[in-house]
Visitor: 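Mind looking over this structure? Questions follow.
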Amino acid sequence: MHGKSSDSNEKTGVTRRTFLGTTLVTSAALLARGSDAIFGAESSASPNIATNPTWKLGGDLTVNRLGFGAMRITGEGIWGWPPDRGNALKVLKRAVELGVNLIDTADAYGPETSELLIAEALYPYPKSLVIATKGGLTRPAAGEWVPDGTPQHLKQAVDGSLKRLRLERIDLYQLHRIDPKVSMEESLGAIKEMKDAGKIQHVGLSNVEPEEIERARKIVPIVSVQNRYNIEDRKSENALAYCEKNGLGFLPWFPIGGTRGLKPENALNAAAKAHGVSVFQVALAWLLERSSVMLPIPGTSSVAHLEENVAAAKLKLAPEEWKAINALAKG
């Protein structure tokens, strides 16, 4: 999936403990069967019949639909190095062991820390591993996220990511956010130049509306969209519909969401109890069954939570469960 090695070497505040009031079991027996069992194709019980276990990004990069978001392997506040660097490396290695072959990151995570950890843990990369990164957001200080979509910055950002990830070509490069001070044509024009130069294989967008996706596709081919989307927050429903209609992958960030707006007894908890799993697994299973273009990228700094997330790829909800969870949307 990658070019040869180079010789150059929105912060959300809901924790798992807040979201999950009680300790729920992990599917350890299932995980012991390996990635083939986890990602095997089985009929979905949801009304959407999203049965495909894999997706082809850009028509040629085959990924298991449940990926891994590498934002949380950095320090607190997505700033600096993690308190336990060895643990962060274990999480990344375990993700690949479990069959995850889509890892999403960004130069702003750390900044730079997430990309460096990915290379440290996984280089030389497995042939099937697809690494997606993003550029266009800068981190002048902890807690600050400032768009910079200037062509000069984006070209430097691509080269920086290539160096940190030890790649000659990035599988999927995403514009992290449209800079309101720079025209999309300028920003994506620079990314197109880097693609034409062989430094990027495919281009994606993040935090965009359908009309912006349509406009972007007139500048450079777009294969994916990464927007915030989960059971409660579906403001990007129109963007998801656009992706479905046009064959683009949809990477929901913050895919698990929170429960602050849900009553203690709700369909999500009920399904978790019925299947003997966590609400996180149910939330991810709902997403996978919601649409065949959905590519959830849950992130964590815990190996145990990673294993729990990956096991969700095998969880199938009954039609009535799926519909009840679907009704939890705030609208």
Visitor: Is a donor on one side and an acceptor on the other found under 3.5 Å between the side chain of Asn87 and the backbone of Ser302?
Guide: no
Visitor: Do NZ/NE/NH1/NH2 and the carboxylate oxygens of Glu97 and Arg94 come within less than 4.0 Å?
Guide: yes
Visitor: Examine distances only and state if a side-chain atom of Tyr125 and a backbone atom of Ile131 form a donor-acceptor pair shorter than 3.5 Å.
Guide: no
Visitor: Can you list the steps and then say if Asn238 with Glu209 is a side-chain hydrogen bond (donor to acceptor under 3.5 Å, both in side chains)?
Guide: CA-CA 8 Å; Asn238 289 340; Glu209 299 294 335; 5.9 Å; no
Visitor: Would you give the length of the straight line joining atom CE of Met194 to atom CG of Leu188, rounded to the nearest 0.5 angstrom?
Guide: 13.5 Å
Visitor: Asn101 side chain to Thr62 main-chain N or O, any donor-acceptor pair under 3.5 Å?
Guide: yes
Visitor: Are Trp253 and Asn207 linked by a side-chain donor-acceptor pair shorter than 3.5 Å?
Guide: yes
Visitor: Looking only at side chains, do Asp60 and Gln201 share a donor and an acceptor under 3.5 Å apart?
Guide: yes
Visitor: How about Glu120 and Leu89: do any of their side-chain heavy atoms sit closer than 4.5 Å?
Guide: yes
Visitor: Find the distance between OG1 (Thr133) and CG (Leu172) and round it off to the nearest 0.5 Å.
Guide: 9.0 Å
Visitor: Atom NE2 of His275 and atom CD of Glu321: how far apart are they, to the nearest 0.5 Å?
Guide: 3.5 Å
Visitor: Between the side chains of Glu308 and Ser278, does any donor sit under 3.5 Å from an acceptor?
Guide: yes
Visitor: Using distance alone, with no hydrogens and no angle criterion, decide if Arg290 and Asn326 have a side-chain donor and acceptor under 3.5 Å apart.
Guide: no
Visitor: Any side-chain heavy atom of Val63 sitting closer than 4.5 Å to one from Thr54?
Guide: no
Visitor: Which atom pair, heavy atoms only, marks the closest approach of Pro296 to Leu288?
Guide: CD-CD2, 3.6 Å
Visitor: If Ile, Leu, Val, Met, Phe, Trp and Tyr residues are connected whenever their side-chain heavy atoms lie under 4.5 Å apart, and connections chain through other members, are Ile222 and Met184 in the same group?
Guide: yes
Visitor: Once you round to the nearest 0.5 Å, how far does OH of Tyr173 lie from OG of Ser161?
Guide: 5.0 Å
Visitor: Please determine whether the number of non-hydrogen atoms from other residues, nucleotides or ligands lying under 6.0 Å from atom CD of Gln152 exceeds 12.
Guide: no
Visitor: Donor-acceptor check, side chain of Glu289 to backbone of Trp286, threshold 3.5 angstrom: yes or no?
Guide: no
Visitor: Are any of the side-chain heavy atoms of Leu248 and Val293 separated by less than 4.5 Å?
Guide: no
Visitor: Using a 4.5 Å cut-off on heavy atoms from C-beta on, say whether the side chain of Phe280 contacts that of Asn309.
Guide: yes
Visitor: Please tell me whether Thr105 and Ser114 have a donor and an acceptor in their side chains that are separated by less than 3.5 angstrom.
Guide: yes
Visitor: If you compare all heavy atoms of Lys195 against all heavy atoms of Ile200, which two are closest, and at what distance to 0.1 Å?
Guide: CG-O, 3.4 Å
Visitor: So that I can tick it off, tell me whether Asp233 and Arg228 are bridged by a salt bridge, with the cut-off set at under 4.0 angstrom between side-chain N and carboxylate O.
Guide: yes
Visitor: Looking at every heavy atom in both Ala108 and Arg139, which two are closest together, and how far apart are they?
Guide: O-NH1, 2.9 Å
Visitor: Please determine whether side chain to side chain contact (heavy atoms under 4.5 Å, CB included) holds for the pair Glu186 and Thr150, giving the CA-CA distance in whole Å, both sets of side-chain angles, and the decisive distance to 0.1 Å.
Guide: CA-CA 7 Å; Glu186 286 185 81; Thr150 59; over 6 Å; no
Visitor: Can you tell me how far CG of Leu162 sits from CD of Glu168, rounded to the nearest 0.5 angstrom?
Guide: 8.5 Å
Visitor: Does the pair Asn246 and Tyr242 meet the rule for a side chain to side chain contact (heavy atoms under 4.5 Å, CB included), with working shown?
Guide: CA-CA 6 Å; Asn246 293 279; Tyr242 183 97; 3.4 Å; yes
Visitor: Check the hydrophobic clustering (I, L, V, M, F, W, Y; side-chain heavy atoms under 4.5 Å; chains of links allowed) and say if Leu328 and Met294 are grouped together.
Guide: yes
Visitor: Is there side-chain contact between Ile118 and Leu92, with at least one heavy-atom pair below 4.5 Å?
Guide: yes
Visitor: Between Gln174 and Val203, does the side chain to side chain contact (heavy atoms under 4.5 Å, CB included) criterion hold? Intermediate values first, please.
Guide: CA-CA 6 Å; Gln174 304 154 97; Val203 178; over 6 Å; no
Visitor: Linking I/L/V/M/F/W/Y whenever any side-chain heavy atoms sit under 4.5 Å apart, do Val96 and Leu102 land together?
Guide: yes
Visitor: Got a donor-acceptor contact below 3.5 angstrom from the Ser206 side chain to the Arg177 backbone?
Guide: no
Visitor: Looking at every heavy atom in both Arg164 and Glu115, which two are closest together, and how far apart are they?
Guide: NE-OE1, 2.6 Å
Visitor: According to ring-ring contact (aromatic ring centres under 6.0 Å, His included), does anything in residues 149-172 pair up with another residue at least two apart or in another chain? List the pairs.
Guide: none
Visitor: Of all the heavy-atom pairs spanning Ile73 and Leu117, show the shortest one and how long it is.
Guide: O-CD1, 3.7 Å
Visitor: At their closest point, which heavy atom of Pro252 faces which heavy atom of Leu287, and how far apart are they?
Guide: CG-CD1, 4.3 Å
Visitor: Under a single-linkage definition using a 4.5 Å side-chain heavy-atom cutoff for Ile, Leu, Val, Met, Phe, Trp and Tyr, are Trp145 and Val182 assigned to the same hydrophobic cluster?
Guide: no
Visitor: At what distance, to the nearest 0.5 angstrom, does CZ of Arg234 lie from CG of Asn227?
Guide: 15.0 Å
Visitor: Using the side chain to side chain contact (heavy atoms under 4.5 Å, CB included) criterion, which residues pair with Pro221? Sequence neighbours excluded.
Guide: none
Visitor: Decide, yes or no, whether a salt bridge links Asp148 with Lys181 under the criterion of side-chain N to carboxylate O below 4.0 Å.
Guide: no
Visitor: State plainly whether the residues Lys192 and Asp196 are in salt-bridge range, i.e. N to O under 4.0 Å.
Guide: yes
Visitor: Decide side-chain hydrogen bond (donor to acceptor under 3.5 Å, both in side chains) for Glu244 and Ser291; before the verdict, give the C-alpha distance in whole Å, the side-chain angles of both, and the deciding distance to 0.1 Å.
Guide: CA-CA 8 Å; Glu244 290 174 327; Ser291 172; 2.7 Å; yes
Visitor: Same cluster or not: Tyr123 versus Ile170, using hydrophobic residues (I, L, V, M, F, W, Y) connected whenever any side-chain heavy atoms lie under 4.5 Å apart?
Guide: yes
Visitor: Return yes if some donor-acceptor pair links the side-chain N/O of Asn64 with the main-chain N/O of Leu66 below 3.5 Å, else return no.
Guide: no
Visitor: Just so I know, are the side chains of Ile256 and Asn230 near enough to count as touching, which here means a heavy-atom distance under 4.5 Å?
Guide: no
Visitor: Filter on ring-ring contact (aromatic ring centres under 6.0 Å, His included), then keep only pairs touching residues 199-240, sequence neighbours left out; what's left?
Guide: Tyr229-Phe250
Visitor: Glu185 and Arg215: side chain to side chain contact (heavy atoms under 4.5 Å, CB included), yes or no, with the steps?
Guide: CA-CA 9 Å; Glu185 285 72 17; Arg215 183 176 160 195; 2.8 Å; yes
Visitor: Got Ser224 and Leu295 here, is their nearest side-chain heavy-atom distance under 4.5 Å?
Guide: no
Visitor: Do the non-hydrogen side-chain atoms of Glu212 and Ile178 ever get within less than 4.5 Å of each other?
Guide: yes
